[in-house]
Every structure is written in structure tokens, then in C-alpha cells.
Amino acid sequence: MPTLLAASLLLYAFGGFGALVLRRAETAAISVGGLTAALAGALGVLAVWPVLLSGQTLLYSTPSLLPFGAFSVRIDALSAVMVIVISLVAAAAGLFSLSYLKGSIGIGGGAIAFFTNLFVASMVLVVIVDNAFFFVLAWELMTITSYFLVISELEEEAVHAGFLYFFIAHGFSMLIMIAFFLLTVQTGSLDFATYRAANPPAWLASIVFLLALFGFGAKAGMIPIHSWLPRAHPAAPSHASALMSGVMVKLGIYGIIRVGVDFLGAELAWWGWTLLVFGAVSAVLGSFYTLAERDIKRLLAYSTVENVGVILMATGIAMVGLATGQRLVAFVGFLAALYHILNHAMFKGLLFLGAGALLKGLSTRDMTLMGGLGKRMPRTAFLFLVGALCIAAIPPLNGFVSEWFAYQSFFITGYGPGFAGRLLGPLAAMALAITGAVTLSCFVATWGAIFGGEARSGRAKAARETPASMLIGMGVLALFCVGFGLGSPLVVRALGPAVAALSNSASLATADGLYVFPANPRFALVSPPLIAMLMLGLLALPVIVVGVFGADRSRHIVRRGAEAWDCGYQHTGQMAVSPTGGMEPLRFFFEGLYALHRFTVLFHRVAAAGLAGLTRFAARIEPLWDRLTVTLTVDAASGVGGRFQALEMGNLRVYTFYIFLALVVVLLAVAW
Amino acid sequence: MNDHVTIRRGQSHLDAIRLQYGAAIEDAEWQTENQVTVTVALASLPEVVETLYYGREGWLATIVANDERQLNGHYALYYILSMEGADRCFFVVRALVPAHKPEFPSVTPRVPAVVWGEREVRDMFGLEPVGLPDQRRLVLPDDWPDDLYPLRKGAMDYRTRPMPAAPAETYTFINEKTKTSTEVPLGPLHITSDEPAHFRLFVDGERIIDADYRLFYVHRGMEKLAETRMSYNEVNFLTDRICGICGFTHSFAYSSAVERALGIDVPERAQFIRSVAGEVERLHSNLLNVGLACHFIGFDSGFMQVFRVREKAMTIAEVLTGARKTYALTLVGGVRRDIHKAERLRILELVAELRRDVADILDILMSTANLEARTRGVGRLDPKIARDFSPSGAVVRGSGFARDTRTMHPYGAYANAPVVVHTEQGCDVLSRVLVRVEDVQNSLDIIEYLIDKMPEGPVLVEGFSYIPQRFAIGNTEAPRGDDIHWVMLGDNQKLYRWRCRAPTYANWPVLRYMFRDNSVADAPLIVASIDPCYSCCDRMTVVDVRKETTTVVPMKELERWGRERKDSPLA
Amino acid sequence: MEAASSILLGVAQAALLFFAAPLVTGMARVIRAKFHNRRGPPLLQDYRDLVKLMARAEVIPGEASAVFRVTPYVFLVAMLLVAASIPGLVTGSPFGPAGDLIAVLYLFALARFFFALSGIDAGSIYGGLGASRETTLAVTNEPVMVLALFVVAARAGSTNLGAMSARVFAGPDPAVAATLAAMFAFAFAIFVEMGKVPLDFAEAETEVQEGPLIEYSGRSLALLKWGLHLKQVVAVALFLGIFFPLGASFSLAPVPLAFAAAVLLVKLIVVFLALAFVENTMARVRFMSSPRVTFVGLAAALLAFAFSLAGV
Amino acid sequence: MFKLLREIVKTGDVTTRYPKKPFPISPNFRGRVEYDPLRCMACAACTIACPANALSMVTDPAAGKRTWMFNYGRCVVCARCEEVCPTEAIVLSGQFELAVRAKSDLMVTAEFSLVTCRQCDTPFAPKKEVDYAMALLERAGVNPHDLELRRVQYETCPECRRLNDFARLRETRLVSGLDAPAAALVADLVSHMAPLRSGAELEP
Amino acid sequence: MKPPDTILGTNLVPAPGAVFSEAEEIAKLKDSLMKRIRRSAYVFRVDCGGCNGCEIEIFAAFSPIFDAERFGIKLVSSPRHADILLYTGSMTRSMRLPAIRSYHAAPDPKIVIGYGACGCTGGIFHDLYCVWGGAESVVPVDVYIPGCPPTPAATIYGFALALGLLEQKLKARHHKEGENEVVIPIRPLIPLRLRVALEREARRMSGYRQGRIVVDRFMSILGHEGANAPFAERMKAYLDEEGDPRLTEIFERLNDIVEGRPSGWTGQSSASSSTS
């Protein structure tokens, strides 16, 4: 329903500009922005729903006056999935922002609402346009709006993060443009339709794929080009962080799939393997890097890196399946990837909104200053717990189902004929298992540090429950989290057409009644709804035992409010595992992973020359690439920035616009 | 007064410091042939102690403060050094602190070993060690009034109980390494500590960055008690209760101190019986420690087996003294019980059984898969730190120093006994366990030797004359290190001042260094490896450097708080 | 797809393991006492302890949230669901919808998640340390389980535990070495998961004072202890179900089922007897060097995988 | 491991059968304090010797009674009381089962009557102690006349005796040259020495 | 009569924050608790400042010889698990708060045991400036296990008593002097002076314990007038039977005194003569 979608887009735009117009009356601006986003999100879902179910592709194009082709819109199943992802999170974030942005009144709450809406709209555009030029245009719009969101708090750190983000985003979008340029050179057109039809030689296809992999991978936060992400995402207002981390990174994956699978047909198996390896590295390292964080939003950002890794792994194995003609592998792999894209958006959105609620309530992102909030913010705690359980892939919630499919895709590869598959499939499963366990550790420690134990600061002691509208925003996502888990048979059916389209095969049965299975129930099957039901049923056993042997209700004394037992000494808030301290053993055990630095440092000795010494450097917990890119960028930036010093912030914004224009010009020239 | 003594040990040290400090040396007096007390000018105290400590192989035994205002108008400080190089003796540096200006130059900056002693002096006497870096209380409870010094004569009745001023602990724990970290409280009621002590571990995850501790939970005021309620012979039953494990060696040391001060010649047979009891105590104490070490590393079978065998040592104690513990065997002048044929045979039989059992058990322990892995390299005590802080017993012997007061300053019947001072070079928990294991075997040898060579004759001297103001040191080697008792006799069959330093008191300060860079899981094991005896350290007190003003809260308020546990009156 | 009868069977199996768990752990206590040359508690002591605790009052730390209260139930339910899903009484998986190896491992994760969380939630540092250990250990253990079981799953062509059990039951497999190595690796991983000496990190009494259990009292403590007992039994039963399905019934007829139940109990007792030798003759491994121990499991799993690749 | 197993098998179950069977203790064991009030003469030797103050005595002059008290809960079983008791009224047995539910069950008390001073009618010494001293003197062969004189002396309170001594001294003009306070001091000394003298007199 | 406060220790000021009594319903619940924990009791140790003799003996009570676990008694590491709180040691000033905390930390109802002389009353330390007294100065105590320290067997007995498995043996006793109650001197047949001399020498030679046994033996052989053989023979027969050289040595010394031979003991310390 392009009309509905257009309405949705217009609503975003209306809301955005409305907020801009009303920026003097910030409360109204925030309300307009938030409500329109929520409504537009709902419209967006409605718009693409039929596409998703039917699997048809909708095309719409206007003749363009510009020389680089028509402004064409194409909504296929993949786009539909992406639009749903964007819309759901946008709607929830919109609701959330109604109260959340009240904290930003006076520092441009209206502007934030404007940029948020524009940002969402640009993301929708990215996934539906079918022309390289407009794609880049939307892509740049997305980057710039999100850049403004990153720096909206105008704190030094945020500005710095924004700067880094800005440079890296543009640096890597150059790669995307070059990829498109190469394809355009082949086809003579900027239309994606011609890209699909093109049949570039293998070497060229490989180059294009690699360019796309890194160009889009940077946006996705793929290790080793993730370093901007844990800085930029947390700096943005939390609802925007939710959008960036929950949605925008997926557009990177979308890009990879669009180019690698849709345009290039996933011709070569090593593309898939490469993706798998990058995915595995991102997943494992991303999960480990969460362990060192005490800033809740940075932790979530690293966790995004990890989840992107999981999605890339599934995508990679699917591409291998495509390339090697293993339909089943491709099918299950894409199913897992798309499912996880959907799920991750839900729970990461939920968690970022939760982090926003905490930030709003406590004015800090430092988890060491939290603690004891489970009693003070029980609803927030509960919703955050749902998110944590989902991200830890606990059955029968949604994270479990998509990871289960990912496991199945690896196992099926492992049963398959090729040696590479038999070797790498199970190893990928192992990587996923490590990731899962680390994620669990991390989120246990995180939830515990935030909500468990005793309040460790005055602001934690004074914390109050989150306002309702924020809880509603979180609650919506939490509902989807649970729903996508318990309703997994429906979800896999709904994703069927999109998966079938990507894997270039007929839609395979992946659900029957209450069960889901990887196309063949003999391989494996699982039923989240039945698991949930039996869990409730089995609860009877302990309840019966308690009923029989427990003291009867009237005599069973429960005394609450006791001081925690700390060997008889006065309990203090310090006597609790700190968020990072609890994970120290893991960091100790897997020091090797952090020592990845050591090797890369050798390669980049020049860049690292300013650092005090190799060993000290290697001992740092921060991932090397952070260091590396930061150093590089900061060096570059300070060179450039030196000249900026006289300029004001506004001038910098103008300057960024110049850069954007310059890029467009480059593309224009190319098209010519 | 004791100038009849002809063999004067310590003369060389005296000559040396005389040469170096000349006029600062005011007086020298021998208490026994190997105990000399030298009075020095207060100002040169730190230098003299440093010279003796580092320059002449002195180790710190203890510090005694004494309120001698009734005797000479001053407070007196006695820095007791055990000279362990050439010319072995107890060399006591005494300095008088004027009553009107109760402060003295701190020795701690030069000799770290005295830190606890000086903190305690401040707690108990209100003498200010000028230049002492650690200004916190050591011995007295957090809520003890700031200006009440229990051991000053006439300051207070021994039964005085000031009302508490705080409903919670106010002690400040110092993390020397980093500013922020998680704190793990270990004790006072931790499953692995038989006694209350509070360790504050500053950790990152499981790794200990630094540690601090608050001991003296069991400070009851025994030194005051011994000077007030009790007569000199009753104190023997108090010293038994300094420690539930090695109480006997305390009584032994105490009795020796009084006997030396009074010049009593204790019958030889009594000395043999005392030494047998001392070795029995060492036997069961070391077995206890080895057993607990097994327990703490989760090897409960080893723990139980060791305890099974240890029961035999307890039976020997029962045969010998009539009780498994708190032995009540010695009196000033001799012992209360003799060893007759029945006892002798039973003891020898049990010793023979123990010899077999202990060998079996040690065999088992040594062949247990991961026992060594669990203890090697854990809780390292650097020999340099050991030298700085004068620890004793297995702690210092595990770091390579052959310190044992049985051979260093022989007493009792040890002069000819087959004492083997075993040392290990590993400096870790394993080394200390091995030292104890060797000690167990050695104790069995010594018991057999003593029983075999036990002379005839009386076991008790009665009717000696009691001379006030004489003083002397009693030293014994407890299972954990050396016990040092310093006694000054008073009028009326009571003590003027009694100071006891248990080995654990000397061993605590190094613990901080042993903790660092180990994991929380090893903390109980490390604590156990010094075989601590918390109650041994009953007799001292300390107050906070960063003096937090304590407010006095009405008793009623506190009671209410006790009942309701809310709205603390001090919050 | 799921007959009501097999769900019933799953529930029956869960109930069997649930009620047998204190017996088996009580037996372990008796054997432990025998290793100490002492009489030891009566065989049914664990039942007595649980029943007593069930009726005792509770003290709830002031800072604990609802997580603390629900954890015993969640823990038990997760373990019961595993108990209902693993092949035990019958050759297949009684409750197929959760009888998948990944599902079972993540059900263990569910239990671990709440167990660890409750430790932190209660506010005691020891609970937190225990929690940290519990989750940390899983990081090295989970991949071993996945890989070891995958080797068997690859033979069976299915990750369904019932199918894997059936494959092992079916007898000689060309890849005997792979299966044996996988069995060893999985046994090792299961032992780690059980949390017994020398790897009883999370509840180590002398180190972290029973970890997350430290703040529990009364009924909650009883349920959580029962859950921990059940976890040990279920872990062993999972191993037995996959690698030693002997004695399991092929049908749902009452006689073979009763026989299967008896055989299962005997097998459990035999395994716990064997474990007693390990746990009573060793000291606890230092937690910080535990990877060196768990590496054995990983090496075995990799070996099994290599064998499996080679088809031997 | 195998060494451990061998040791375990070799040793077997070592657990005592107590409390089903009595627990064996050494003959020299210091157990429960057994007090025989019939043998006690309230001489206070034990209460002075007791380091823990588990034993104490309280005199109630108004009622003419002295109460001997023993608290099991404070007793440190050092056996000093047994050693100093001249009449073997206190003996330590091998009993060790001392636990009680009520604190009052830890108490043993005995009440003794006091002799009133012949001169001032103040109750001061336990009757049994005086009787015991007389019995000892009797056994030592002191003739009945002296015995009676001695009894008179024993049944006079220390204060009166001091006054008597002072009077006697004055008579003998020993202190005639002294002023009153000095004379009182001397009298004090003399009366304090009296018990010593009477002890010496016990030896014929 | 009511014993005065000094000995019962009730003159002591209860520690601030002390729990003086329990709510009535909790006291009632205690009965039902006793039934429940009869065969399964969890014990938490609270050392409030003793010499640790008690702690070691408690350990010993759980060691193989005594094995308290056979009665279902178990030491636990958290007061939350406890049915029984075992307070040992005199309640020091510093331990008051941890002791109160552990009482509050344990679920109701609970049984509190005062263990050892110090736990019961404060023991030898009862009136010191940093001591409040026994456990009762802080918490209501249900069972007292005296001893210094109680032996493991006494500990087992105390547990059994607390759990209602065994009967209490010790009862309060009060004696009131009867009419004409007299103490008959011991060993009436031996002259007092000789008896005192023998007792002193025996004590000097063999200490209070064995000395008394030996001198009793000696005097009973000596005082056995009715026997046929002379004393020297009877003594020799006895010593031969015993075959203990040490006993022979002491008997000879004692015989010297009987026969008026100087014992070489002047009543003065030999040391004091040699030193002055």
C-alpha cells in the first residue's frame, strides 16, 4: 500500500517540521513529534503488512527531472521486514519520547523531535528507494539527522563522538558509493533494477561485494569497524539511541543483503564465509567488550555489535547456502537473520528505552551509581528484565527462537556435504554458544548492578518509578518481544515469503501448529508456546509440595526488610559486585581476546606511535580498534579541527552540509 | 639489683650503641643473664631502635608501655628486641615519657614492625607517637570514648563500660592501591573464621587489589584484668584463655616471666612437663591448621581425616592436664600435675599411634591431586617484608628465616631437646603448611625425648618471696610463633603491668601484603596460613586518625533503635 | 504432533526425578561421611532438611526485589521442564517441544540466569561473587556442551535428544571414536554444570559462603536447594539419557515404564557413587585457574569433532 | 586418592556411640564440680581462689546468714577450688553433661548460719567453720579448758578482737607512749596477725 | 532465696540494642520449631569474642569421632539458614553489633544457645570494660552449654538437649544448713601436723592432682592400723604392684617425713638462696 506508506512518511515529515515550527513551545513540539512518530509507525506497519504476507513486490516510480534516473520505490518482502522493524521501534520510541524529551526542554527538545522524525523517515526511505542516487541521498540524510541527534546534548563527549561518527560514516559511505559506481559503470544506470540484471564478472562482483561489506558493515557496527558505534549511540537521546542501535545498524545489514544477495546473487561461497567470520568475530568480541563497560548505554551499544555479529553469521551461512546450492541452509539462515533483525530491534529498543528511563530518573549512565532500583522502579525493572531475558536467548522468548534458528542453520550446514560447511558450521555454533553465555553473564551482571542489591548513590536512593508514557513505549516493545517468542509459529510464517525471496526458493514450511522447525521437523523442532504452557503446568509440582509441607499461610512468617548479610558487618552499597567487577574473571580468562590489540598494533605501529608502549597498550581493556580509529581520527580531527577552532558549532554544521553536497556532486559526476 | 649475674649477654650490643649514641644511653640493667634493659633519651629512641633492628640483627618482640607515674613520675616505653645474630639476648630499649607531655617520637617510619605496638600505645595509654602515619585505632572499639585510656593507672575501673556512641561501625578502611573498587567484607562472622575479625578486601571481580582489616573484636581488656581483679597466680588461668588453642604456651611464658623476675629456680621436672605440654599443644595446633587448610580449599576428606587423627593429640592433652583445652597446668613456681606411669605409657602409646597416623595422612595430602596447585604461590610473603615486620612462627619460617625462640633463647627443657627449626623458601601458603607438617613430626620426637629423659624431683616450688617492681620477659614458642610476656610485679600479690604479645599480633601486619593480587577465594586460606589467633590479640586498642567526632546518643534512643531497627539516631 | 500421553509421561518423569533428587543427594551425603570415616546422616536426611525448611519462616533482605522471590520457582520449573524433556523413561524425548539440545541448554541458562540474578539481587557481596562465578563458568562450558552434543547430533541427523538417544541406542556407529570422545567431553561438561567439588564454585561454602544461597531462608531456601539437587540429578539424567539409554522403555505400557523408572534410579545412583570418589578425594580447583580444567572438556569436544569430521 | 581410600577402608567407622553409650574419658579428666554442702564450712578459700568468680559468697548480717554460690555457667573448670578446699567439699567428677534450659539451673547455693559475736552480737563467722576449727584443736589434743577459752576467742568478731587487743596492749603499756592513732595502727597490726598466730597454734 | 546479682551476672548493663524478649507469638512458635528440627537442625556459630577454644571444640564435635551430623545437625554459613544460633565467647563491646545483626538475620523462631562459660555468662571475662557479659546480654538465650570449653561430647549432649532428645541432668540446688551440721575432719587417725607435712611434700613432688592421690594412697596404707604386716612391707608390696619408679620416689620422700628424716626442703625457694 504505497499510499499508506506515503502517508506514514508524510506524517513523519509533518511531525518533524511541526516540531521545528513549534520549537519555541517545546512541550507542544515534543508532543507533536512523538505522537506523529507513533502514528506514522503504526501506519507504516499497516502499509507493508500485505507485502510481507503476500511476498509480492510493489513498485512505484515517478519520472525524475534529474539526470540520474527516476525516483523509484520498490517494496519487496525484505523492505517490508525492514519497514516493520523501523516502524515498530519508531512508534515505541515516539511514545517514549513524549515524557523522555521533557528533560531536554531548554536544550532543543523540539529540534530533537524534528531530527528524530526526519531520521526515521530517512531510514524508511533507505529501504524502499530503488535508485542508487536516491539511496545515497536517503543514506546521507539518515547519517546527518542521526549525527545531529548524537550531538544534540552538546556535551563535550557527545560532540567528540559525533565528530568521530561523522567522519567514519562519510568515510565508509564513500565505499558504498564506489560500489554503486562500479555497478553503474557496468550497467550505465543508477537504477537498482539494472544492478539486479547486471551480471558482472566474478572479480568485479567480489570487489563490489567487499566494498559493500565494509561500507555497510561500518554502519552495522561490524568489528573491526565498529569503534564509532559505542561512542555515538550512547551519546544520542535514548529514544534515538534505540533507533540507532535497534534499527539503523540493521540498515547496514540490509545494505549487505541488498547488494550481496539481491544485486549480486551471492554467487561465491567465500563471500558467505567471509561474512560468517566477520560475524563470528563481531559476536564473540562484541559480547566480551560489553563486560568492561560501566556505562549502561555503551554496554548496550557493544551488545549491538554482538547481535549484529549474530545476524551477520546467519546471513553469511545463508549466502553460503545460496552459493553452494543448499537451499535449506539458505532458507534457515535467512530466516534466522531476518528473525533476529526483528527481535534485536525489539529487545535492543526496549533496553535502550530502559536505559533512557534510568538516565532520566538518575541523570547518569554510570551503573556503579545505580543499584537497588528493583524496589524503587519495579515496572522499569520488570521491562528491562524482559529485555535482558530476550537478549540472553532464554526460552520461550523471541531471542531464543531466532538464535535457535541460527544454531539450526549452522548444524544443517554441519550435516551437509561440503567439508568447509562441516567444519565451520559447528564451529560457528560454538561461537554462538560462547556469545550466548557471555551475553547472559553480562546481562545478569547488568540487571543486577542496576536493579539488584543496595542503592550505591544518593540519586539511586532517591529514584522514582518511570513515567507512564515511557513505560508504555517500553511495554509495547516488551509485548512484541514476548509475542515474537510465543507467537513464533506465526512469525516464521509471516517471514516465509521474504525468506523465500532471498533464498531464491519456494517458501518452505517452518511452522506447524504450535511448533517451529528448520523446514524439516526431523532435524529439530521446538515449540515456544508449548514450553510456556508446560512451564506453567510444572509450576504445580513445587506449589503442591509447598502446600503439603509448608507451614500454613497463617503461621508462615515472612520478615522483610532485613539488612543483607555481610558476615555481620555493617552492610554498605560498596559491598556488592560492581557491574564490571563481576565480570572480571571472564576478562581474566579470556585476556587473549582483548589482546587482539597486540597483533593489530604491529600493523599500525605508526598510528600507535603516540601511545606509551606496546605492553601497556595491550593490557588496556578497550578494544584495539577503538583505540586505533580513535587515534587516527582524533589525529586527523585535531589537524582539521585546528582550523575549526575559530569556527562556531553552527559553522561546523554548515561545513557538514558542504561535505554532503560534495558527495552528491561526486556521484553526479559519476552518473554523468 | 641483679648485678650478681656474671654472664652478661647483650654487652656487645650495649657497647655498640654506647659508642654510637654516647650520652643518650642513660642506664643499663640486666634482669636475667640474657635480658638487658637499657634506658635511652626519648629523643634518640628511634635511632637506637633502628640501629639495633637493622644494624645488629634485632627482631621486634614487642613494645610495652607502662604507666610508671607512681614509681618515677613518667610513662615508660619498652621496645623489646630479640637479638638473633651474634650475642643472642633480649635487648630492651626503654625510654621515659614525661607525664605532662605524653608524646614520643614514633619509631614506625624507621622500623615498620613497631606500627601496631605504637598504635596500641596510643589507644591504651594516650601516648601520642609523633610522626606515626597510621592514625586509626587499633585495639579499642570504634565507639570507645576518645579520651579514656584504659591502662593508665587510675584512669578508670576495670569494669567501666562507657555507653556506645554509634549504632554502627565507624572504622575507615584504607585502600592503598585504587580509589574505587568493590569491597568484600570477610568476617567478623565468616564461616571460615573461628573467631571474629573483619577483613575488608578491595577487589576487582575476584582479584584482591588491597586489603585492610579491623581486628580486636575480641578485645576484652585482659591486661587491665590481670592488674586489678586477679592475683599473680590467678593470671595463669587467664593466660590459658588468651587463646583456646595455644593457651598453654602463654601460661608457660607468663609463669617464666614471673619466675625470672623473682629469680625462682623452677624444678627441672616441672620444666620438662611444661615442655611436653607445649609440644602436645604444638602438635594439635599444627594438625588443626593443616586440617583447616584442607577444609578451606574444599578438600573436606582431608580435613576430616586430619581431625580424626588430631583427636589423639587432644587425648594426650587430656591425659596430661585433665582437659582437652585451656590446660590450667602451670602455676608460678612449677606445675600442678605430674606424669606417672599410667600417664607416661598412655602418652607414649598415643604418640606412637600418632606417628603412624600422621605419616599416613601426610602421604594422603601430598598425593592429593590439586592440593599443591591450590597452595603454591598463594599468599606470598616477601622475605623483605618479613624482615621489616618481624613476623614469627611458620609465617617467617616459610619465608626462609629460621626464627624459633626455642633455639634462639632456650627456655624450659628445650636446651638439649632435639628441636629442628625447619624453614622453607617458597614464601607461600604451601611453604607454611610444609613447615607445620615438619613441626608435627618434630614435636613427636621432642615429646618422646622429654618423656624419656624426664628427671626426678619436685614439680613445684612454693613459699618464694614476692618482690614488687621487678620485671622480666617470658618467652615461649607457640605453634604460631613466639609468645612474649613482659611482667612487672606490683604490691599486694598483684601485677603492676602485664603485657603479652601473641605471635599472631606480630603476624597480622604482613597479611595485607600477602593478600594482594590473590583471589577472594584464597583469602580465607591466606588468613588461615598465618594460623591466626584473633583472641590472642585481645590486649590492645586504636582510634581513628581522621577523628570522626562521635556524638553521644541517649541510651533510650539506642535501645529503641535496637528494637525497631529504623530511624537510627545517628543517621 | 504431541500426544497427551507423552506430555503426561514427561510430567511423570519430571515428578520422578523431582522426588528422587533428595534421595540421590542424600545418598551422596552418606557416602561423603563414609569418606570421613564417620557414621554420617541418615539416608533420608535431605528430605528431612527440605521438609523442615519448607515450614520455616523467611527473612527477606530489604534490598531484594521480586526476582529474589520468584527465583526458586523459576529455577525449579526450568529444571522440571528439562526433566520432562530428556529421554529417560522412554527412548525418545517425552516432551518433544523442548527436547532439543539447544532448548535444553538454554533452559539450563534460564535457571542459571535467575540463580545468579538472585544472588546479586539480594545485595550480599557473596551472592554476587557466586553469581559471577556461576555465569562465568558457563562461558567455557557451554561451547563444550554444544560441540560435544553436535557430534552426536550429526550422527543422528537431528538435534532432538530423543533422536540422538535412539541413534546411540541403535548400536555400533562407524564413528565410535567420535562418539566416545563426545561422551567424555559431555560428561565433563555435565560435571562442571553440576557444581560439585572440585568445581563447586558458585556455592563454595568456605569461599563465597554458598554464594547466591546466602540470603535465602525458609521455604525459598528449601525450594532453591531442591532445585539445585534436581539440577544435579537432571544433568546426570541428561547424560544417561543420551549416552546410556539402556533400560528405557520403547512403549508407554506400564510395566516397561516401571522397569525403566527403576533402571533409571539405579543408573543415577551408580553415577553419583562414582562422582563421590571424585568429589571426596580432591580439593576445590582455584576458580581463577578453572579454565585450565575446563580446557580438558574443550579439548575432548574438539577431538570428538575432529573424529567426527574424519568419520572415525 | 588410592592412599586415601586405603586409609578409609583400613580405619572404618570411628564415630563414638555416645550418647547411646557412655563416652570414655581419662581418669584425670576435670569435669563437673561436685559440691557437698554437708562437708562445706563456708571458709571462703574456694571463692578467693576462683579466677573466674564462679564461686562467691555473700554475707547477710541482718539475717545472720552467709550464702555460698556457685555458677556452672561461669566455671572454667580449672579445679583450683578442689585444690584449696580443706574439707574436700568440692570434688571434680568426670561428668560433663551440663547443658540446661533455664539459667537458674546452673546455680548451686548453700546457706550457712553465722556465729554471733559474744561481745557485740554481730553475726560474723560461719558456725561450721568455728566448729571445724574446734574439732581440729580437739583432735590435736588441746585440753577442754583451753578449748573453751579458744572458742570464746573464735566467737568474737575481728572488730571486737581488735578492740580487745588494743585494750590488752594498753594494759601491758606497750603502746602507752603512743598517741591514739598510732596506737590504733599497732592494734590493727596485732589483730591482723591473730589468724596467723592461731594457725601456728594448731600445731601442738 | 534469690542469689544476688553479682554472681548471676544480672548486674551487668545489658548491651545497648539488646533484644530483651521475643514477641509472644514467636515464643509460642518455638515449640513447633522444636518438633520440626528434631532430626534436622542447622546451626550458625556466632563467636562474640572468646578465646576460640569453643570454636575448635565445635569443629571437633563435627569431626569423625563425634560426628554431630548423624543427628542431622549441620553447620551453616549464613544465619538465614539457621535454626539454632550458637553464641560463643564473652560478648565484647565490638561484637555487640554483629551479634545483634546475626540474631536479626536469622528467621523466627530460632533457638539461641549460649555456649561455653563465656557464652553463658561472660566467664572469666565477665566484668571487663570491653565485655557486656554472656550472650544473654544481647539476645534471649534458650539453652546454656557450660564448660571451658565444653568437650565435643558435652556439645553433642547440649545439642541433644536443645533439640529435646535428651533429658537435662543439672538442676538448681539449694542447701540450707541443717541443725547441728558439722564437718568432720578428714583422716582423723593421722596427726594433723604430719598430715599437713605429707600433703605439702606430695604436692611439691607430684602436683596437686597426683600429689593428692598419692598422699591419700600413702595415708590409707599408713593409717591402715588393723593390717597384719608392718607399714614398710605393705608399702613395698603396693609399690611393687604398681611398678612405677616415680611413685616409688615420692613414697620414699613421704616415708622420710614419717620417719622424721629431713627431706632437704627448707620451705624456701632454693633459687632465692642461690641468687641472693
Side-chain angles (χ1 to χ4, degrees), chain A residues 372 374-375 381 392-395 400 404 407 411 414-415 422-423 426 429-430 433-434 436-438 440-441 444 447-448 451-454 513 515 522-524 526-527 530-531 534-535 538-539 541-542 546 549-551 557-566 575-577 582 585-586 588-589, chain C residues 1 14-15 18 51 54-55 57-63 65 67 73 76-77 80-81 84 95-98 100 102-103 106-107 109-110 113 116-117 120-125 128-129 131-132 135-136 138-139 142-143 146-147 150 153-154 157-160 214-215 219 223 287-288 291 305 309:
Chain A
K375 291 231 121 178
I394 297 299
F400 167 71
W404 186 78
Y407 273 114
F411 286 156
Y415 310 152
R422 281 171 51 211
L423 177 68
M430 222 171 96
I434 295 174
V438 177
L440 185 139
S441 305
V444 165
W447 195 95
F451 298 104
E454 192 174 340
Y515 296 87
R522 219 193 62 79
F523 281 167
V526 77
S527 169
L530 273 181
I531 287 177
L534 198 61
M535 275 181 170
L538 285 171
L539 191 56
L541 267 177
V546 166
F549 295 109
I557 310 164
V558 175
R559 185 150 50 80
R560 284 161 217 277
E563 205 177 49
W565 178 249
D566 276 310
M575 294 180 196
V577 281
L586 265 183
F588 176 75
F589 293 166
Chain C
M1 226 183 281
F18 179 65
V51 165
M54 215 52 100
E58 281 187 51
V59 182
I60 311 232
E63 296 297 334
S65 67
V67 166
Y73 294 93
L76 264 174
V77 162
L80 284 169
L81 188 54
F95 183 66
D100 178 86
I102 298 299
Y106 276 87
L107 281 171
L110 168 62
F113 190 102
L117 203 50
I120 302 177
D121 189 35
S124 170
I125 177 73
L129 285 176
S132 151
T135 55
T136 300
V139 173
E142 206 106 298
V146 166
L147 200 58
F150 172 76
S158 168
T159 57
N160 184 282
I214 188 171
E215 291 288 342
R219 180 187 292 173
L223 290 172
F287 180 64
M288 287 316 231
F305 181 51
L309 278 179

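Here the structure is a predicted model, which is why all the values come from computation and not from measurement. In what follows, chains are A, B, ... by sequence order, proteins preceding strands, each numbered from 1.
When A/Leu440, A/Val526, A/Leu539 are compared by the number of non-hydrogen pairs under 4.5 Å with chain C, A/Leu440 comes out ahead. The greatest number of non-hydrogen atom pairs below 4.5 Å with chain A, out of C/Leu117, C/Leu81, C/Leu110, is found for C/Leu117. Among A/Ala393, A/Gly372, A/Ala381, the residue making the largest number of heavy-atom pairs under 4.5 Å with chain C is A/Ala393. With respect to chain A, the highest number of heavy-atom pairs below 4.5 Å among C/Val146, C/Asp100, C/Leu223 belongs to C/Asp100. Of all the listed residues (C/Ala103, C/Ala122, C/Ala14, C/Ala138), the one sharing the greatest number of non-hydrogen pairs under 4.5 Å with chain A is C/Ala103. Contacts with chain A were tallied for C/Ser65, C/Ala109, C/Gly157; C/Gly157 has the most, counting heavy-atom pairs under 4.5 Å.
Looking at heavy atoms from C-beta onward, A/Phe400 lies out of side-chain contact with A/Ile394 at the 4.5 angstrom threshold. Between A/Leu423 and C/Phe305 there is a side-chain heavy-atom pair separated by less than 4.5 Å. A heavy-atom distance below 4.5 Å is not found between the side chains of C/Thr159 and C/Ile102.
Interface residue A/Phe523: backbone and side-chain heavy atoms are both found under 4.5 Å from chain C. Using a 4.5 Å cut-off between heavy atoms, A/Phe411 touches chain C through backbone and side chain atoms alike. In this structure, the portion of C/Phe18 lying under 4.5 Å from any heavy atom of chain A is its side chain and not its backbone. Only the side chain of C/Glu215 comes within contact range of chain A, judged by heavy atoms closer than 4.5 Å.
A/Arg422 contributes a side-chain N or O that, together with a main-chain N or O of C/Leu309, makes up a donor-acceptor pair within less than 3.5 Å.
Distance CZ/C/Phe150 to OH/A/Tyr407: 12.5 Å, rounded to 0.5 Å.
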Next on the checklist: Go through it in stages, so that I can follow the logic: the residues are C/Phe95 and A/Leu538, the test is side chain to side chain contact (heavy atoms under 4.5 Å, CB included), and I'd like the CA-CA distance, side-chain angles, deciding distance and then a yes or no.
Outcome noted: CA-CA 12 Å; C/Phe95 183 66; A/Leu538 285 171; over 6 Å; no
Next on the checklist: Could you walk me through whether A/Val546 and C/Met54 satisfy the side chain to side chain contact (heavy atoms under 4.5 Å, CB included) test, starting with their C-alpha distance in whole Å, then the side-chain angles of each, then the deciding distance to 0.1 Å, before giving a yes or no?
Outcome noted: CA-CA 7 Å; A/Val546 166; C/Met54 215 52 100; 4.1 Å; yes
